[in-house]
Amino acid sequence: MNKPRIPPGQRLVTDFPVLDLGIQPDIHHENWQLRLFGLVSQELVLDWDHLLSLPQVRLINDFHCVTTWSRLDVPWEGVLAREVVALAGPLPEARHVTLHSYDGYTTNVSLSALLDDDVLVAHSVDDAPLAIEHGGPVRLVLPKRYAWKSAKWLSAIEFHAEDRPGYWEVRGYHNEADPWKEERYS
Ligand SMILES: Nc1nc2c(c(=O)[nH]1)N[C@H]1C(S)=C(S)[C@@H](COP(=O)(O)O)O[C@H]1N2
Ligand SMILES: [Mo]
């Protein structure tokens, strides 16, 4: 049986709504850096040229926001999160990550979810560089979770042993955020 395309309680949109805390950081590819730190064998700071030197992929997937809009077939480009993570080499104790953003936002996910084969450190969408309102120059895209886990203006990935709820997770959003299970609020 084919799975429906729209998860329960969601509606299709054809535009691309913008949702964030209303703080647009002054970050461009010239001053963007991604720091990998915490329980890793090699802490490191990656810049724009380094990101572009890694294998580039284009992935098409669906984007589901907990406020009930879904956009289907969004074409993203970037580097697989697992490629970026491999550069730092998480220690065996590292089970969870915090994604940090330049606007002060954070969100948490298990390391295994971050290493899924559809998770991107993205710099382009719709065949154009990511606009600042959509998290440019670089954001995370985690298609199997509600969109609040897809951190815009990504600044750091922190690895730790225990789970640490992020901005919305401490405010009552569900820790797992699987749209197919309607894990909206906890
Ligand atoms: N840094 C940061 N990332 C963020 C947010 C935010 O406020 N700050 N909002 C999240 C929420 S709630 C959603 S729905 C998506 C929206 O992404 P979009 O604005 O590109 O549609 O970004 C997520 N990533
Ligand atoms: Mo959201």
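Whatever order the structure lists them in is the order used to number ligands and atoms, beginning at 1. What you see is a predicted model; the values in this text were computed from it and never measured.
Residue Trp168 places no N or O, backbone or side chain, under 3.5 Å from any N or O of ligand 1. For the pair Leu21 and ligand 1, the shortest N or O to N or O distance falls below 3.5 Å. Residue Pro17 has at least one N or O atom closer than 3.5 Å to an N or O atom of ligand 1. At least one N or O atom of Lys152 sits closer than 3.5 Å to an N or O atom of ligand 1. Remark: ligand 1 and Trp153 share no N or O pair separated by less than 3.5 Å (distance only, no angle test). Some N or O of Asp103 is nearer than 3.5 Å to an N or O of ligand 1, by distance alone.
Residue Ala151 places a heavy atom less than 4.0 Å from ligand 1. Within the structure, the closest approach of Arg139 to ligand 1 falls below 4.0 Å when heavy atoms are considered. Within the 4.0 Å heavy-atom cutoff, Tyr173 does not count among the residues contacting ligand 1.
Using a 4.0 Å cut-off between charged nitrogen and carboxylate oxygen, Asp126 and Arg71 count as a salt-bridge pair. Under the 4.0 Å criterion applied to side-chain N and carboxylate O atoms, Glu169 and Lys149 are assigned as salt-bridge partners. Using a cutoff of 4.0 Å between basic side-chain nitrogens and carboxylate oxygens, Glu176 and Lys181 are not scored as salt-bridged. A salt bridge does not link Lys152 to Asp103: none of the charged side-chain nitrogens sits closer than 4.0 Å to a carboxylate oxygen. Note on Asp163 versus Arg95: no salt bridge recorded, every NZ/NE/NH1/NH2 to OD/OE distance being 4.0 Å or above.
His174 approaches Trp148 most closely through the heavy-atom pair O-CZ2, 3.1 Å.
Scanning the protein heavy atoms around atom 12 (S) of ligand 1, the nearest turns out to be Trp148 CB, 3.5 Å.
Between Trp168 and Tyr146, the gap from one ring centroid to the other reaches at least 6.0 Å. Taking the six-membered ring for Trp and the full ring otherwise, Phe37 and Phe159 have centroids separated by 6.0 Å or more.
Using a 4.0 Å cut-off between heavy atoms, Tyr146 makes no contact with ligand 1 at all.
Close approach of ligand 1 to Ser150 is summarised as follows: ligand atoms under 4.0 Å from at least one heavy atom of the residue are 22 (O), 23 (C), 24 (N).
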